[in-house]
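What you see is a predicted model; the values in this text were computed from it and never measured.
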Amino acid sequence: MDFNNLKLFRKQNGFTQEQVAEKLGVSRQAVAKWERGESVPDIENVIALADMYEVTVDSLVRNMTSLSDKRSDKKHMFGITRVNDKGQITLTKKCREVFGINTGDAILILGDEDKGIALVRVSEIFEK
């Protein structure tokens, strides 16, 4: 099991390591070790973490980036982000690198109510 998402989920929920530790009844050092991969939480704490972060246990224990690295069809999973109160999202550094997205680039947002949302970099249109 790889708990590489623990820090990401904690930060996305606005918790400190101390707050997580207090809610779970463990030390801050234990939380830090889980996030660094030096140890793993027991199953009860995994379930509590999933509930606290409102995610599935599967999303806590799987290394999402290694899943996408194994695919040869050029599909990627860059992680999870939340929409802020202004309706904005943050794209991961790797996502921006893979698709050549830079500060100031124009992004077209497409949507299909059944299939979801797609982002398309369209900066070249505006550069001409």
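- Few gaps surround CD on E38; more than 12 heavy atoms of other groups in view lie less than 6.0 Å from it.
- Other residues, nucleotides and ligands place more than 12 heavy atoms under 6.0 Å from the CG atom of L110.
- Contact of the I89 side chain with the L119 side chain is registered, since non-hydrogen atoms from C-beta on lie closer than 4.5 Å.
- Distance check: I101 CD1 to K93 NZ gives 14.5 Å after rounding to the nearest 0.5 Å.
- Residues L24 and A48 share a closest heavy-atom pair of CD2-CB, 3.3 Å.
- Between the NZ atom of K23 and the CZ atom of F15 there is a distance of 4.5 Å, given to the nearest 0.5 Å.
- Heavy atoms from other residues, nucleotides or ligands lying under 6.0 Å from CD of E22 number 12 at most.
- To the nearest 0.5 angstrom, F99 atom CZ is 10.5 Å from I107 atom CD1.
- Separating the NZ atom in K11 from the CD atom in E35 is a distance of 8.0 Å, to the nearest 0.5 Å.
- Here the CD-CZ distance, from Q29 to R36, works out to 9.0 Å after rounding to the nearest 0.5 Å.
- The two residues M52 and V20 make their nearest non-hydrogen contact at SD-CG2, 4.2 Å.
- Shortest non-hydrogen contact noted between N45 and D42 is N-OD1, 2.8 Å.
- For the residue pair R28 and A21, the shortest heavy atom distance occurs at N-CB, 3.6 Å.
- Rounded to the nearest 0.5 angstrom, N13 CG and L8 CG are separated by 9.5 Å.
- Here the closest non-hydrogen pair linking L49 and P41 is CD1-CG, 4.2 Å.
- Across every non-hydrogen atom of G100 and R121, the tightest pair is O-NE, 3.3 Å.
- Heavy-atom contacts from other residues, nucleotides or ligands closer than 6.0 Å to CD of Q88 number more than 12.
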